[in-house]
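Notes follow once the structure below has been shown.
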Amino acid sequence: MKLIDKMRETMQLTAEKPDPALLPTPKQLRRSTIAAVIGAAFIGVGVYLPAEYGIDPTGMGNALGLTEMGKIKQQLAREAAEDQLIHGGDQSLNLMNDIFGLFVGAAHAQDAWTDTVTFTLAPDAFTEVKMVMAAGDIVEYSWVAEGGRINFDLHAHGNGQSVDYDRGRGATDGQGSIKAPFPGEHGWFWRNRDKTDVTITLQLRGNYAEIIEKR
Amino acid sequence: MSFNSTGLRTLASRRATAILLSAFTLYASSVAQVLAHDVTPGDAGYIQEIWGVHMTSFIYLGAKHMVTGYDHILFLLGVVFFLYRMKEVALYVSIFALGHSVTMLAGVWWGWGINAYIIDAIIGLSVVYKALDNLGAYRKWFGFQPNTKAATLIVGLFHGTGLASKIIEYDISQDGLLWNLLAFNLGVELGQILALFAILVVMGYWRRSARFMGQAVVANVIMVALGIWLTIIQINGFLAAA
């Protein structure tokens, strides 16, 4: 305790000893502690569980609009874990947003489209549309969403590599082109986070062996 | 100042260990976020899936950010350490809230993102500053007491810049940004009040103890150390990322 005394002498605290008359009484403190514990339990069950895990035993999370967030987080966590299992070792090229000219632009807009893919997603439904491409292949695309707004992730996996071309949320249309940096399946993950059915019409042309739709 | 064996034993007391451990656990849980490339999980993942106004979600996320933000909490603890009149607590906490709200809202709105490691290193230093202030170090060393209200405001501005940098990383949709941002700010203040309530209850018990003034010195020395530790972690992170 010598050291503390020495530190006190050296440091001259900015404060004097609190006036006991102004401090909360033990009774007040006990009451505050009980209030804090009850409050913490209340927040834990009514707010934290719905907002993080989508578990809503009291219905408060739904009333506050937090359960949806918890459900989305849980869904994303599951998908991230699955993704990690399948593609965990992939090297990400991280070429997001047309660095290195992956977005070549719609140069031949006057040409006819070779394929049209149409599908409808109910709220919270998702699907994938992928093109099988060789390295260096270029595909042009144009799509519109009707009935609502759509989230998408235009990406690819193959040969232990991955690339994210573009992603968006609440979008209603998109166009451009991608150039595959490696062979594999290149295309979209679509998810409807809107409140209504959304119909996507996707048009494609360019070099690809086939179109794969995963429902 | 030399630490003899008595001092070491004092510092290794159970409370000190508990403070260190809880600070470390909070830190560890907050950095375990980097994961796969296609799916962004967690709060950022949720935010990147939605658009439009989601007031309650952003109030929750703001409160969560504050309550789990050990550096903000540590500074808040430093601010109220010797304030026991509720009027003063309210005044200083409001000054801090004003400071961080200004730079948080303006920072996100106009996109002033600063490197997260640099701003977090500055926030670590703000903890060191406040703990030294509590120890009376400035009067001892420089012969005067810097204005504590002004310091709280300035530090608040830095903390808000840190919040803004993190919100920019969240990549909130432009659709509904203003309302969501205001909701996040409201949540930050709500989280601060909740954290403050817990701090004040613990401090209330502690202040009634006869040994409070002696232990206060040790606690603030530990706070200086934690602040330095946070700063070093952030500088290391910055150097590793560069």
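Proteins come first, then strands; the chains are lettered A, B, ... in the order of their sequence lines, and each starts at number 1.
The shortest side-chain heavy-atom distance between B:Y84 and A:P24 does not fall under the 4.5 Å cut-off.
In plain terms, the two heavy atoms of A:G65 and B:S57 that are nearest each other are O-OG, 3.8 Å. The nearest pair of heavy atoms linking A:T25 to B:R208 is CA-NH1, 3.9 Å. Nearest approach of B:D171 to A:R169, heavy atoms of both residues: O-NH2, 2.6 Å. Shortest non-hydrogen contact noted between B:E49 and A:L76 is OE2-CD2, 3.8 Å.
No more than 12 heavy atoms of other residues, nucleotides or ligands sit less than 6.0 Å from atom CZ of A:F42. The environment of B:K166 atom NZ is dense: over 12 non-hydrogen atoms of other residues, nucleotides or ligands sit within 6.0 angstrom. No more than 12 heavy atoms of other residues, nucleotides or ligands shown are found within 6.0 angstrom of OH on A:Y53.
No hydrogens or angles considered: a donor-acceptor pair under 3.5 Å links the side chains of A:E52 and B:Y60.
For B:F81, no part sits under 4.5 Å from any heavy atom of chain A, backbone or side chain. For chain B, no part of A:R31 is nearby; none of its heavy atoms comes within less than 4.5 Å. Of the two parts of B:L61, only the side chain, counted from C-beta on, holds a non-hydrogen atom closer than 4.5 Å to a non-hydrogen atom of chain A. For chain A, the nearby part of B:L194 is the side chain; its heavy atoms alone come within less than 4.5 Å. If you measure heavy-atom distances from B:A210 to chain A, the contacts under 4.5 Å come from the backbone alone. B:Y46 touches chain A through backbone and side chain together, each having a heavy atom under 4.5 Å away. When heavy atoms are compared at a cutoff of 4.5 Å, A:Y48 approaches chain B by way of both its backbone and its side chain. With a threshold of 4.5 angstrom between heavy atoms, B:R85 approaches chain A through side-chain atoms but not through N, CA, C or O.
Between atom CD1 of residue B:I47 and atom CD1 of residue A:I72 there is a gap of 11.0 Å, rounded to the nearest 0.5 Å. To the nearest 0.5 Å, atoms OG1 (B:T56) and CE (A:M69) are separated by 7.5 Å.
The candidate with the highest count of non-hydrogen atom pairs below 4.5 Å against chain B, out of A:G39, A:A36, A:P26, A:A35, is A:P26. The residue among A:R149, A:E79, A:R191 with the most heavy atom pairs within less than 4.5 Å of chain B is A:R149. Listed options B:M86, B:K64, B:M55 were ranked by heavy-atom pairs under 4.5 angstrom with chain A; first place goes to B:K64.
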